[in-house]
Amino acid sequence: MKNLKTLAGAVALSALMAGSAAAADMTVGFSQIGSESGWRAAETTLTKQQAEQRGIDLKFADAQQKQENQIKAIRSFIAQGVDAILLAPVVATGWDQVLEEAKDAEIPVVLLDRQVDSSDDLYLTAVGSDLEHEGEVAGDWLVKEVGDKDCNVVELQGTTGSSPAIKRKAGFEKAISGHDNVKIVRSQTGDFTRTKGKEVMESFLKAENGGQDICALYAHNDDMAVGAIQAIKEAGLKPGSDILVVSIDAVPDIFLAMENGEANATVELTPNMAGPAFDALEAYKSDGTEPPKFIQTESKLYTQSDNPKAIYEEKKNQGY
Amino acid sequence: MTLPTTIRRVLPQLVALFVILALNTAIAPGFLDIAFANGRFYGSLIDILNRGAPVALLAVGMTLVIATKGIDLSVGAVMAIAGAVAAALITSDHSLAATILATLGVGIVCGLWNGALVAFLGIQPIIATLILMVAGRGIAQLITEGVILTFNDPGLVFVGTGAVFGIPFPVILWVAIGIAASVLFRTTALGLLVEAIGINRRASSLAGIGTSALLLAVYAASGLCAAVAGIVAAGDIRGADANNAGLWLELDAILAVVVGGNSLMGGRFSIAGSLIGAMIIQSVNTGILLAGFPPEFNLVIKAAIIVVILVVQSPASQTLFAFMKSRPRSEEDAAAPVREPEKEAAR
């Protein structure tokens with residue numbers, strides 16, 4: 001029954017496509033993981049926006065965190081004969097079969113945000129952020145900001161063992177290595193949450209002479225920084241001036257904190273993965289340009305001088 | 001013994017708490033310092049009392065549920081729901097009183113749902129409350145629409161971060177609720193009736209106890225405590241984080257009850273013991289944070305300390321202690337009785 005339906009859909013669609021084969025606009029299927037986090041929701045919003053701006057017909061499938069739903073969605077995209085498929089894979093393994101099917105149907109697949117373990121000739125390219133580079137950008141900012149002054153940094157790590165925590169830590173350490181005046185004095189996990197960020201910051205403040213000995217806070221995500229900022233304020237210090245605050249992600253709330261002078265800098269993990277993906281697809285479709293196998297998105301640094309209020313207003317409506 | 005029974009009952013817990021605080025003092029100089037700044041007391045000891053508030057609040061309700069031979073796995077999810085409801089109401093311009101009353105009401109309704117499944121349908125408590133544990137976080141996410149719902153209402157923020165006479169408000173809340181529950185259950189026959197259900201529900205029924213009503217009431221009380229904890233957690237970070245509020249706290253609450261010397265088999269309970277248990281857990285957490293170990297060690301250290309406490313409290317060790325006490329001193333080398341429990345722990 002289901003097969004019959006997809007078949008009927010495919011026939012109808014191919015008839016439709018035959019009519020407008022000359023048109024440059026593409027039909028792209030997008031298999032999204034779900035909406036487990038604000039960032040993920042923003043990625044969906046921006047992908048839809050990008051598609052609309054470029055006149056791309058986007059077919060969206062929400063997998064609700066299940067790989068089997070993603071595989072079903074990709075098969076139905078193949079049956080519908082889409083021009084390309086965007087895939088944000090929920091897990092890294094188990095994609096060979098379905099990617100093979102897409103390849104046989106000559107439909108290019110672009111991976112968004114996460115990687116897969118399959119051989120790289122099964123997909124056109126992967127668009128993503130370099131987590132280690134994000135940590136480096138944050139570290140470089142701090143090194144430049146403090147200059148020659150001695151600076152004791154406390155670090156709020158992400159969930160222990162998670163790849164963002166490991167790589168954002170490594171990148172930051174790389175950036176401050178060789179600058180002996182900047183050193184990490186305490187590092188502890190805040191589980192990427194506001195509550196834990198606040199609790200751990202409270203203990204940092206107690207352990208480092210009431211916070212007098214802390215010059216800067218580096219948090220692996222903005223949510224922990226927002227929690228820590230409250231802890232700093234409750235300890236009677238001024239976040240943003242007594243203790244510098246730099247974090248990663250660029251979620252809307254950190255821009256409010258920057259507007260109030262309570263946070264200093266954030267590194268953006270852009271939810272606009274679809275923009276570069278569509279660029280690569282358009283180039284590939286028009287003259288067959290093979291994109292590199294990994295397209296790194298920009299890890300943009302935002303500071304208080306970047307008009308945080310305006311960015312907040314802009315980001316607020318992206319579904320974070 | 002000259003000590004009153006209530007103190008003697010929680011003596012092992014007090015000793016454990018004291019030992020851990022002593023360890024913390026050894027690890028972190030200045031651990032015992034308490035200063036007065038910004039209109040409130042300030043120091044690591046205050047942090048322990050304050051940060052332990054959600055688990056302490058949950059432990060009060062959990063103690064009563066466990067006394068009936070039940071368990072409430074849903075309290076963490078109910079915290080998330082309560083935080084979400086409070087944030088949603090206050091941001092849609094409802095008054096503080098209405099927000100808090102409605103949130104507490106939602107907590108009670110969640111508890112009544114659990115209670116009804118247990119009391120009327122006879123579903124085993126671990127399964128009955130598992131339903132809300134899984135579904136509750138989804139409900140909270142529906143309310144917040146998947147984002148961290150932030151608010152700035154001074155009243156709601158006060159519940160999480162305010163202070164009265166320099167004492168953080170969450171501390172006042174859990175102490176007050178703990179005392180109120182103890183008085184309610186220990187100065188009346190309620191405590192005895194709850195324990196009777198834990199020992200044998202059917203026999204209690206036959207003896208004329210309204211077991212269904214009482215079960216509903218204890219689960220509702222647990223839901224109410226979870227709702228208060230949810231408001232505290234949300235007020236603390238000025239936002240409702242449906243994904244993370246109260247995550248895994250049901251397990252800490254159960255642990256607090258057990259470390260507090262209560263049996264999961266029900267039939268007897270001590271709210272004071274559970275509250276001390278909650279403080280023991282928080283002292284361990286705070287101590288680990290102050291010690292500055294790499295975070296990979298956090299859970300291992302915590303587990304090791306809890307194991308030691310539970311082994312010392314275990315019936316086997318208690319029997320051993322009693323046995324050594326009863327033996328005449330002269331027969332034994334003075335050092336030997338001290339080593340015995342260590343051997344027990346090593347096994």
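Every chain is numbered from 1, with letters handed out A, B, ... down the list of sequences.
- Taking both residues in full, the closest heavy atoms of S187(A) and P295(B) are given as O-CD, 3.9 Å, listed atom of the first, atom of the second, then distance.
- Within 6.0 Å of CZ on F158(B) lie more than 12 heavy atoms contributed by other residues, nucleotides or ligands.
- The contact list for residues 43-53 of chain B toward chain A, using heavy atoms and a distance under 4.5 Å, reads G43(B), S44(B), D47(B), R51(B) by residue number.
- Counting non-hydrogen atoms of other residues, nucleotides and ligands closer than 6.0 Å to CD of Q65(A) gives a total above 12.
- If you measure heavy-atom distances from E202(A) to chain B, the contacts under 4.5 Å come from both the backbone and the side chain.
- A cation-pi contact, defined as under 6.0 Å to the ring centre and within 45° of the axis, links K206(A) to Y42(B).
- Between T150(B) and D253(A) the shortest side-chain heavy-atom distance falls below 4.5 Å.
- Both the backbone and the side chain of A235(A) come within contact range of chain B, with heavy atoms under 4.5 Å apart.
- When heavy atoms are compared at a cutoff of 4.5 Å, E199(A) approaches chain B by way of both its backbone and its side chain.
- Residues R238(B) and R194(A) have side chains not in contact (no heavy-atom distance under 4.5 Å, counting atoms from C-beta outward).
- At a 4.5 Å heavy-atom cutoff, the contact between F293(B) and chain A is made by backbone atoms alone.
- D191(A) does not touch chain B: none of its heavy atoms, backbone or side chain, sits under 4.5 Å away.
- With a 4.5 angstrom heavy-atom cutoff, A291(B) touches chain A only via backbone atoms.
- Heavy-atom minimum distance, L290(B) versus S203(A): CD2-O, 3.6 Å.
- Separation of atoms OG1 (T193(A)) and CD1 (I237(B)) is listed at 7.5 Å; rounding is to 0.5 Å.
- Note that OG1 of T195(A) is 7.0 Å distant from CG of N244(B), once rounded to the nearest 0.5 Å.
- Residue-environment remark: CD (E313(A)) exceeds the threshold of 12 foreign heavy atoms within 6.0 Å.
- A side-chain N or O of N298(B) and one of Q188(A) form a donor-acceptor pair less than 3.5 Å apart.
- When the shell of 6.0 Å around NZ of K167(A) is examined, it contains 12 or fewer heavy atoms from other residues, nucleotides or ligands.
- For the set R186(A), K198(A), E208(A), the count of heavy-atom pairs under 4.5 angstrom toward chain B peaks at K198(A).
- Residue F165(B) qualifies as open at atom CZ: its count of foreign heavy atoms under 6.0 Å is 12 or below.
- By number of non-hydrogen pairs under 4.5 angstrom with chain A, the leading residue of T286(B), T161(B), D241(B) is T161(B).
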